[in-house]
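Input: a single structure, listed below in structure tokens.
Just the heavy atoms: all of them, side chains too, but no hydrogens, waters or symmetry mates, feed the values below.
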Number of protein chains: 2
Amino acid sequence: MVAKDSSTEEKIKNAARHVFHIKGYAGTRTRDIAEEAGINLALLNYYFRSKEKLFEIVMMETLRDFLQSLTSVFNDMESSFETKLEMVVNNYITLLVKEPEIPLFILSELRRNPTHLLQKMNVKEIIMQSYFVKQLLEVMEQNKMAQKDLLHLIINIIGMTIFPFVAKPIFQSIGEISNEQFSAMMEERKTLIPKWIKAILTSK
Amino acid sequence: MVAKDSSTEEKIKNAARHVFHIKGYAGTRTRDIAEEAGINLALLNYYFRSKEKLFEIVMMETLRDFLQSLTSVFNDMESSFETKLEMVVNNYITLLVKEPEIPLFILSELRRNPTHLLQKMNVKEIIMQSYFVKQLLEVMEQNKMAQKDLLHLIINIIGMTIFPFVAKPIFQSIGEISNEQFSAMMEERKTLIPKWIKAILTSK
DNA sequence: GCTTGATTTAATCATTTGATTAAATCAAAA
DNA sequence: TTTTGATTTAATCAAATGATTAAATCAAGC
């Protein structure tokens, strides 16, 4: 018996994850995945039956990993709002510096597929009923901000954190920004984003 | 002679723009485009020679439209920094409320294609040597912000404006956000984003 | 009405690509 | 060594898809 990570099944799944993340569902050929995994096309179908099935697995696992950065922090009753904000931003940037293709992959593929995968995953409840949002609403109240701005704020937090990864190909195409420079910039944002959000909250 | 807009060539191009924007290059079949345009597949190739050529035209025109929102504002010598900021945000949101698929389309396709289309379009120079950035740097100096934060600020402006459109499919998939509600929210952001940016600039 | 060139179509081709099959290989147990 | 089941491969199939071709249709000018 071979170790889990190097088992053929795992090798194929990792290759699929890699190729799907970069090329998307439509742009990926099963032969690409087989080659990346160092195996034959038939074997891929032997293990996963079809491109579609393999994709679903990759998609589910990617979403799970991605949501993990939220759920692991959001409902801690001990930590302050500020701490949670720092931790969420930290978690996401750390994850995405390692796998920068994830956001564009998720956004593109969820768009293509009108399946209600996200509804099934209860993302809205995870966010809106979290202790984090409760604390955020308190801070907003203290600063006399309108409740309807809650959505704006959440978008800003997520956007400031994730958008740079979505636009990364653009930066690299436009300017002389290396992977290292980009990662360094994202490290800076770990502390900058919470500051900016606080500035927004206490302004007006 | 038929009017330009309803000419067959234009009909095909519009159909191509629509389908490519939604499904991307790999996900689009030339037959989809032909059907959308209400014409036959052969005619498409008669006019545009190949899927690739047709795509290039769509991509170029989409990028041109998109950059127009920047260039039309950036080098006006009369308007203040605040005014320019408002106008850029306004232009983008107005354009993207009409065509919300553009950002995800551009981001996905530029990623797929290592062509240096953007370099050719001189985007970096358009931005960095613009009068807008000069004014932005002055404001940063007044508020004793480090110059290296310029990139962060530009990302924040663009991100706050564009990210909601990129994530729109998610919102609609997660929650009960209608197209109208989304558009209304983006209208609010036309005035909110400049405020937030100012809050960030004057904080710390 | 006829001619001519532009426009449009149906039919077909060649390649790509997802999937299957039957056979070969290999490793472990008897 | 032989047997047995799991793993792997080469070969092939069928459908999808980009592209071409030759013929039909149509509109304008004579």
Parallel, tilted or perpendicular, as decided by the 30° and 60° cut-offs, for the rings of Phe165(A) and Phe182(A): perpendicular
Enumerate donor-acceptor pairs with a distance under 3.5 Å from any side-chain N or O in residues 54-63 of chain A to protein atoms, sequence neighbours excluded.
{"unit_1": "Glu61(A)", "atom_1": "OE2", "unit_2": "Lys13(A)", "atom_2": "NZ", "d": "2.9"}
{"unit_1": "Thr62(A)", "atom_1": "OG1", "unit_2": "His21(A)", "atom_2": "NE2", "d": "2.9"}
{"unit_1": "Thr62(A)", "atom_1": "OG1", "unit_2": "Val58(A)", "atom_2": "O", "d": "2.7"}

Which one, dT20(D), dT8(D), dA19(C), comes nearest to the side chain of Ser50(A)? dA19(C)
For the residue pair Asn179(B) / Lys168(B), report whether a side-chain donor-acceptor contact shorter than 3.5 Å exists. yes
Walking DNA chain D from its 5' end, the first of Ala42(B) and Gly38(A) to be reached, judged by nearest nucleotide, is Gly38(A)
Report yes or no: do Arg31(B) and Asn40(B) form a side-chain donor-acceptor pair below 3.5 Å? no
Gap between atoms OH and C1', on Tyr46(A) and dA6(D) respectively (whole Å): 6 Å
Measure the distance from CG on Leu44(B) to P on dT20(D) and round it to the nearest whole Å. 11 Å
Using distance alone, with no hydrogens and no angle criterion, decide if Lys198(A) and Ser203(B) have a side-chain donor and acceptor under 3.5 Å apart. no
Which nucleotide in the set dT8(D), dT9(C), dT20(C) lies at the smallest distance from any side-chain heavy atom of Asn40(B)? dT9(C)
Establish, from distance only, whether the side-chain atoms of Lys51(B) and Thr28(B) form a donor-acceptor pair under 3.5 Å. no
Rounding to an integer number of Å, can you tell me how far Asn45(B) CG sits from dT17(D) C1'? 11 Å
Any residue of residues 20-37 of chain A with a heavy atom less than 4.0 Å from an atom of DNA chain D: none
How many whole angstroms separate atom CZ of Phe48(B) from atom P of dT8(C)? 12 Å
Rounded to whole angstroms, how far apart are NZ on Lys51(A) and P on dT17(C)? 9 Å
